[in-house]
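This report concerns only the one structure given below.
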Amino acid sequence: MLIPAPVLSLIIGMVLVLSGLWIGQNVNLLPVDASSNAPVYDELFKVLFSIGAILFLGIVGLLVFSLVRFRRRPGELGDGIALEGNLPLEIVWTAIPAIVVLFVGIYSYDIYERMGGMVPLNDHAVHAMQHEAHGGEGGAAMAAMAGGGIESDERIWGGITPASADALTVDVTAMQFAFIFRYPDSEIISGELHVPAGRPVALRMKANDVIHAFWVPQFRLKQDVIPGQPTLLSFTPTRPGSYPIICAELCGPYHGGMRTTVVVEEPENFQAWVSKNSPNPPPAPVTPVVAAAAAISPLQS
Amino acid sequence: MTLTLPPQAGPAPTLQPTGWLRYFSFSVDHKVIGLQYLVCGFLFYLVGGALAGAIRTELLTPISDFLPRETYNEVLTLHGTVMIFLWIVPVVNGAFGNYLIPFYVGARDMAFPRLNAVAFWLIPPAGLLLIGSYFIAGAGASQSGWTAYPPLSLTTPATGQVIWILSVLLLGGSSIFGGINFIATVLKMRRPGLGLMQLPMYCWAMLGTSILVVLSTPVLAGTLVLLSFDIIAHTGFFNPALGGNAVVYQHLFWFYSHPAVYIMVLPAFGLVSEILPVHARKPLFGYTTMVYSILAIVFLGLIVWAHHMFTSGTPPWMRLFFTIATSFIAVPTGIKFFNWLATLWGGKLSLNSAMLFACAFIVNFVFGGITGVALAQVPFDIHVHDTYFVVGHFHYIVYGGTVFVIFSAVYHWYPKFTGRLLNEPLGQAHFWLTFVGFNLCFAPQHWLGLNGMPRRVAEYDPQFTWMNQLSSAGALLMAISTLPFLVNVLVSAFRGEVAGDNPWNALTPEWLTSSPPPVENWKGEAPLVTHPYGYGSAPDAIDLKATSGRDLWSSGRS
């Protein structure tokens, strides 16, 4: 039985779309998700993967079909058909990709907003206004920033920005070839990042020498740490466990070795870690040298 | 113009060498210069490939054990710089541009032949300078990657970095000279009667590319001069310790280096547009939309640079703008790919090496384009920026895209260069080894990047070991694939089957002269080709079996 060409094309198209959707939903290429924005990211990834799979399979299928179907048989001479163009067809394959990329762009922007990326914290004027408007929330964040040793009138460069007032603030210093984490509340200084699950964390990052980048693949987050331009990164860890922190910007000979661990702990375990490693009970003042000496080797204290 | 002069009675006395020596001379013949670019570029490709081999050998194991760490960074910097500035840009622009553009516009040479020779002869010294810097005792080559981001580039050994800047400035100068020459040739040297919309597509691609070269390369030059001031004179343009701004460098650098991607792929698009119609025996589908899509890519290519900086603390409005602009490049690029598929549809396809490499280019580039649109999305990019996902993506663009097209073009035009055909079985072996090796090498890198392997590292998490070994095995196949090609090119030059003037029955003007062509391209007047893609037979048309391309152009078609 001869199936008419339009019907055949429709069937092939439907099979293509379905298999693309199936691939996007079922082929998992990503590591475990451990922060609240990772599932949001994975949603975007699945959409992009599905669209990409449909396009790639369709185009390669068409190409391979053409190469087989229209190959020159032995002894065959002459040319193909003298077809120089087709305006409706051109309009179709201009319009469809335009709509697809517009959809993808808007959709990914929505995702980005849900991840907190659209807070205009890096524009100083807007930032100041926001500070005044949201006295409680913004003020707490600002206080944390000032406490972090960064002048409050300094321009803050964006990253993923904090959305919550009860965020755990950690000062991150990147240098060749290590990250140092300092907890302003408890004066802990550590080479490993410990965070409680379920509570927002705001990292205030600065670099001492060259550009580094803070990347946790399981959080789907990365932010460059730039000398002279403090950056801010916030996230909410969700899944207890140990994940790598990786420097993702070439920073010198030991760049590949510049990595440490973020330990996401249950809140009570985190409290235990804090009280175990805190150089002093919180109220009493402490000289920084002692604090540093005690915290750099938390295992011995 | 000398175009319409009758042929000279005898050869005019010339100071130019005539035999093989002319390839080592300051020749002003565009065909000699084109081949100089091609061979010189290929030699640098072998150097860059050896450097890539060193990288893949280091990455066989998760620890840094093959090269000292500083050397590893020198190697990856040299690999990137050599492959971009000494292989792809000079070959896909300089080599084929110089060889083909004067034919296509019906000229006897480029607009500025001497400038053309200067542009080529800047390349060997600049390349030797760059590679030589590796051997300077106590200093070594640049270690800051081909991007040379400050402050890293200010703190690594200064000698190597300054030599790197000097070399890139020379190569950029060469590129600008070439760009000016191509613009002038395409716009001003066309044979009388030849309209812009009658030019072969490669002319449009080179016109668009040259506009990008002329607009953006000077920005890179200025940036690198400022960087060298920071290194030598301790100024503080990009040095935060002196009040400078490191991110400004990234903006300036990518203002050149993103268009540089189009400088590397637009000419490849043009070459594919020449190769496919000939071997498919069909007209190029949608000539007009192909032209406008090139111009759209040129325009959009200039306003997307900050998508390389989504993690550098750029403001949200900038991320929004650059995401949308970058995504939209997919539209004109998509038009070109759909048009090529439509060119193949219903053709009589000769599945020779040139065709196979061109079709593999479509496969690879579509893959790289899809990952590129994904990378343009800020949230996607924030995870995979500076990882092996990006390494995989851009190798699909520059190797799977441009280098495949360079090989396709060599199989297609070798008979014109030498008068002899390349050996087809060796060509097919070359193709399959390259195609399998390439995909084996670079496809796994996407997974590596998604799962946590950053780029430019000599050591990595041991869980990635076997995937890296797979990638290195692919790299080994790619290295092996060079051998049949080298043997083929060297042996066929002397023993290959004699091709005749027009072995493919092509209609574009370079085939309407002898192979290899004479100095000044044609004995007598240049042909007027107004339908460079006039292949194919309509039901009521003349029987093409009975006629040849030469008949078509001379039989008074207008």
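Order of the sequence lines sets the chain letters (A, B, ...), proteins ahead of strands, with each chain counted from 1.
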- Note on the structure: Interface check, chain B: of A:A207, A:P217, A:P97, most non-hydrogen pairs under 4.5 Å belong to A:P217
- Message: How long is the straight-line distance from CD1 of A:I96 back to CZ of B:F338, given to the nearest 0.5 Å?
- Response: 8.0 Å
- Message: Parallel, tilted or perpendicular: which one describes the rings of A:Y41 and B:F380, with boundaries at 30° and 60°?
- Response: parallel
- Message: Please check: side-chain N/O of A:Y109 versus main-chain N/O of B:L320, any donor-acceptor pairing under 3.5 Å?
- Response: yes
- Item | Heavy-atom contact with chain A under 4.5 Å, split by part of B:M309 | neither
- Task: May I ask you to decide if B:T311's main-chain N or O and A:K222's side chain share a donor-acceptor pair within less than 3.5 Å?
- Result: no
- Query: Which one, A:L44, A:I59, A:V32, leads in non-hydrogen pairs under 4.5 Å with chain B?
  - Reply: A:I59
- Item | Proximal component of A:F65, with respect to chain B [non-hydrogen, under 4.5 Å] | side chain
- Query: If you draw a 6.0 Å radius around OH in A:Y254, do more than 12 non-hydrogen atoms from other residues or ligands fall strictly inside?
  - Reply: no
- Message: With a 4.5 angstrom heavy-atom cut-off, is it the side chain or the backbone of B:A374 that approaches chain A, or both, or neither?
- Response: both
- Between A:L89 and chain B, which part of the residue has a heavy atom less than 4.5 Å away: side chain, backbone, both or neither? side chain
- side chain to side chain contact (heavy atoms under 4.5 Å, CB included) between B:Q250 and A:I211, intermediate numbers included: CA-CA 12 Å; B:Q250 299 180 13; A:I211 302 175; 3.4 Å; yes
- Quick one: closest heavy-atom pair of A:G257 and B:E459, and the distance? N-OE2, 3.5 Å
- Item | Atom group of A:A213 that falls short of 4.5 Å from chain B, counting heavy atoms | neither
- Among the options B:W447, B:Y460, B:W340, pick out the one with the most heavy-atom pairs lying under 4.5 Å from chain A. B:W447
- Heavy-atom closest pair (B:L450 atom, A:P31 atom, distance to 0.1 Å) is O-CD, 3.3 Å
- Message: Quick check on B:N239 against chain A: is it the side chain, the backbone, both or neither that has a heavy atom closer than 4.5 Å?
- Response: neither
- Examine whether an atom of B:T326 lies under 4.5 Å from a heavy atom of chain A, and if so say whether it belongs to the side chain, the backbone or both; otherwise answer neither. neither
- Please determine, among A:R73, A:Q218, A:E90, the option with the most heavy-atom pairs under 4.5 Å with chain B. A:E90
- Message: Heavy-atom pairs under 4.5 Å with chain B - which of A:G85, A:G105, A:G52 has more of them than the others?
- Response: A:G85
- Can you tell which part of A:R259 gets under 4.5 Å to a heavy atom of chain B, answering side chain, backbone, both or neither? side chain
- Where is the tightest heavy-atom contact between A:V101 and B:S327, given as atom of each residue plus distance? CG1-O, 3.5 Å
- Item | Between CE on residue B:M355 and CG on residue A:L67, distance to nearest 0.5 Å | 6.5 Å
- Item | CA sep, side-chain torsions, deciding dist, call: B:D386, A:W215, side chain to side chain contact (heavy atoms under 4.5 Å, CB included) | CA-CA 10 Å; B:D386 264 329; A:W215 179 35; over 6 Å; no
- Note on the structure: Looking only at heavy atoms, the pair that brings B:C359 and A:L63 closest together is O-CD2, 3.5 Å
- Look up atom CZ in A:F70 and atom CH2 in B:W345, then write down how far apart they are to the nearest 0.5 Å. 4.5 Å
- Query: Looking at B:T323, B:L154, B:N339, which one has more heavy-atom pairs under 4.5 Å with chain A than the rest?
  - Reply: B:N339
- Message: Once rounded to the nearest 0.5 Å, what's the spacing between atom CZ of A:R72 and atom CG of B:N352?
- Response: 10.0 Å
- Which atom pair, heavy atoms only, marks the closest approach of A:H255 to B:R455? NE2-O, 3.5 Å
- Item | Option that, when pairs with chain A are counted at under 4.5 Å, heavy atom only, ranks first among B:I324, B:V363, B:N451, B:V331 | B:N451
- Note on the structure: Closest non-hydrogen atoms of B:P454 and A:A248, given as atom of the first, atom of the second and distance, are CB-CA, 4.2 Å
- Message: With rounding to the nearest 0.5 angstrom, report the OG1 to CD1 distance, B:T387 to A:I246.
- Response: 9.5 Å
- Query: Where does A:N86 contact chain B at under 4.5 Å (heavy atoms): side chain, backbone, both or neither?
  - Reply: both
- Query: For A:P227, is it the side chain, the backbone, both, or neither that has a heavy atom closer than 4.5 Å to a heavy atom of chain B?
  - Reply: both
- Query: In terms of heavy-atom proximity below 4.5 Å to chain A, should B:I370 be classed as side chain, backbone, both, or neither?
  - Reply: side chain
- Honestly, the part of B:P150 sitting under 4.5 Å from a heavy atom of chain A is backbone
- Does any heavy atom of chain A fall under 4.5 Å from the side chain of B:L284, the backbone, both, or neither of them? backbone
- Task: Count the heavy-atom pairs under 4.5 Å between each of A:T94, A:V60, A:I111 and chain B, then report the option with the highest count.
- Result: A:T94
- Query: Is chain A contacted by the side chain of B:I362, its backbone, both, or neither, given a heavy-atom distance below 4.5 Å?
  - Reply: side chain
- Message: If I take atom NE2 from residue B:H383 and atom CZ from residue A:F45, how far apart are they, to the nearest 0.5 angstrom?
- Response: 8.0 Å
- Task: Take B:Y149 and A:E249 through the side chain to side chain contact (heavy atoms under 4.5 Å, CB included) test and state the conclusion after the steps.
- Result: CA-CA 10 Å; B:Y149 275 9; A:E249 184 71 59; 3.5 Å; yes
- Query: Passes side chain to side chain contact (heavy atoms under 4.5 Å, CB included), B:T155 versus A:V210? Steps please.
  - Reply: CA-CA 8 Å; B:T155 56; A:V210 301; 3.8 Å; yes
- Taking A:D79 for its side chain and B:K348 for its backbone only, find out whether a donor-acceptor pair lies under 3.5 Å. no
- Between B:G452, B:P277, B:P332, which shows the greatest number of heavy-atom pairs under 4.5 Å with chain A? B:G452
- Message: Which atoms of B:N73 are under 4.5 Å from chain A, going by heavy atoms: the side chain, the backbone, both sets, or neither?
- Response: side chain
- Message: Taking every non-hydrogen pair under 4.5 Å, which of B:E70, B:Q143, B:H446 racks up the most with chain A?
- Response: B:E70
- Note on the structure: Applying a strict 4.5 Å limit to non-hydrogen atoms, the region of B:T156 in contact with chain A is neither
